[in-house]
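What follows is a set of notes on a single structure, which appears directly below.
Note that the coordinates shown come from a computational prediction; the quantities given were computed from them, not determined experimentally. Order of appearance sets the numbers: ligands from 1, and atoms from 1 within every ligand.
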Amino acid sequence: MQNIENRGILTVVSGFAGSGKGTLMKKLLSSYDNYALSVSATSRQPRPGEEEGVSYFFKTRDEFEEMIKNDELLEHAEYVGNYYGTPKSFVNSMLEKGKDVVLEIEIQGAMQIKKRYPDTLLIFVTPPSVKELRRRLEGRGTETPEVIEKRMKRAAGEAEGMEDYDYIVINDDPDICTKQLHEIIRAAHYTPAHKAGFIEELKKELKEQ
Ligand code: 5GP
């Protein structure tokens with residue numbers, strides 16, 4: 001009997017703006033070779049240094065709404081006045097190739113994915129304290145004070161949804177945190193949901209012997 005489960009794991013990573021998840025995603029991809037990171041579409045303006053097709057696919061609101069209409073997105077949400085969404089085709093083709101696909105998305109999108117694809121692994125990343133969260137947001141230097149306040153308020157709302165995630169990872173040290181993320185995703189390969197085909201095959205063979 002051969003192992004017929006070679007589809008990748010779909011993982012959603014969420015966290016407050018300033019939780020450091022962007023850095024963690026880069027580290028996860030450069031440290032291990034089984035991951036593919038989904039590139040989202042957004043209607044927000046690019047920040048300095050962000051590249052089209054790498055950071056995001058930057059769209060106008062009209063273009064984004066067209067993508068929704070054409071069913072091109074796995075999920076989408078509005079966050080601080082802008083649309084964000086996950087293009088379907090990349091995620092599906094990578095999962096089929098056996099890659100573990102990571103979506104770095106906010107909480108509304110995470111809940112949509114969980115509802116549609118219950119086997120998805122949901123991980124929430126948080127800084128060790130609220131003080132540290134504010135320090136990281138201010139330290140970025142790319143946002144206006146108004147946006148920072150909006151994001152802090154938004155964080156208070158998002159914290160209400162933390163219990164809906166499968167795992168909470170505290171990002172104190174990015175290297176340790178990246179390793180923890182990797183270990184959690186590795187473990188997901190061994191759940192009954194991911195071994196469903198194997199279990200079925202085994203049961204069938206046992207009955208037939
Ligand atoms: P930022 O503007 O800081 O890049 O992202 C703002 C928020 O949008 C972050 O919490 C990020 O995780 C989330 N986000 C990025 N891409 C997507 C997406 O495709 N779908 C959803 N629902 N959220 C996203």
For this session: Pull out every atom of ligand 1 sitting under 4.0 Å from any heavy atom of Ser40, numbered as shown with elements.
Result: 16 (N), 17 (C), 18 (C), 19 (O)

Exercise. What atoms of ligand 1 come within less than 4.0 Å of a heavy atom belonging to Thr86?
Worked result: 19 (O)

Problem set entry | Ala17 to ligand 1, any heavy atom closer than 4.0 Å | no

Seminar exercise, completed: If we number the atoms of ligand 1 from 1 as shown, the ones under 4.0 Å from a heavy atom of Gly109 are 22 (N)

Exercise. What is the nearest protein non-hydrogen atom to atom 20 (N) of ligand 1, stated with its residue, atom name and distance?
Worked result: Glu75 OE2, 2.7 Å

Problem set entry | Proximity flag Arg44 to ligand 1, non-hydrogen atoms under 4.0 Å | yes

Seminar exercise, completed: heavy-atom search around atom 3 (O) of ligand 1 in the protein gives Arg47 NH2, 2.8 Å

Problem set entry | ligand 1 contacted by Lys21 (non-hydrogen, < 4.0 Å) | yes

For this session: State whether the number of non-hydrogen atoms from other residues, nucleotides or ligands found under 6.0 Å of Glu52 atom CD is greater than 12.
Result: yes

Problem set entry | Selection from Tyr83, Phe16, Phe57, Tyr56 by shortest heavy-atom distance to atom 5 (O) of ligand 1 | Tyr56

Exercise. Parallel, tilted or perpendicular: which describes the rings of Tyr32 and His182, with under 30° parallel and over 60° perpendicular?
Worked result: parallel

Exercise. Does at least one non-hydrogen atom of Arg151 fall below 4.0 angstrom from an atom of ligand 1?
Worked result: yes

For this session: Report the nearest protein non-hydrogen atom to atom 12 (O) of ligand 1: residue, atom name, distance rounded to 0.1 Å.
Result: Glu104 OE2, 2.8 Å

For this session: Step by step, work out the salt bridge (charged side-chain N to carboxylate O under 4.0 Å, His left out) result for Glu183 and Arg186.
Result: CA-CA 5 Å; Glu183 284 165 1; Arg186 285 314 306 155; over 6 Å; no

Exercise. Any donor and acceptor pair, going by atom type alone, linking the side chain of Asp172 with main-chain N or O of Pro128 inside 3.5 Å?
Worked result: no

Exercise. Considering distance alone, does some N or O of Glu106 sit under 3.5 Å from an N or O of ligand 1?
Worked result: yes

Exercise. Can you check whether Phe64 and Phe58 have ring centres sitting under 6.0 Å from each other?
Worked result: no

Exercise. How does Glu50 reach ligand 1, if at all, at less than 4.0 Å between non-hydrogen atoms: by side chain, backbone, both, or neither?
Worked result: neither

For this session: Would you please test Glu66 and Lys69 for salt bridge (charged side-chain N to carboxylate O under 4.0 Å, His left out) and show each step?
Result: CA-CA 5 Å; Glu66 197 60 28; Lys69 213 169 80 191; 3.7 Å; yes

Exercise. Counting heavy atoms not belonging to Lys179, are there more than 12 under 6.0 Å from its NZ?
Worked result: no

Exercise. What do we get for Tyr79 next to ligand 1 when only non-hydrogen atoms under 4.0 Å count, side chain, backbone, both or neither?
Worked result: side chain

Exercise. Has the side chain of Asn171 got a donor or acceptor atom that lies under 3.5 Å from a matching backbone atom of Ser19?
Worked result: yes

Problem set entry | CD/Glu50: more than 12 non-hydrogen atoms of other groups inside 6.0 Å | yes

Exercise. Any nitrogen or oxygen of Ala77, main chain or side chain, under 3.5 Å from a nitrogen or oxygen of ligand 1?
Worked result: no

For this session: Starting from the C-alpha separation in whole Å, work towards a yes-or-no answer on side chain to side chain contact (heavy atoms under 4.5 Å, CB included) for Met111 and Asp164.
Result: CA-CA 8 Å; Met111 294 306 125; Asp164 294 325; 3.7 Å; yes

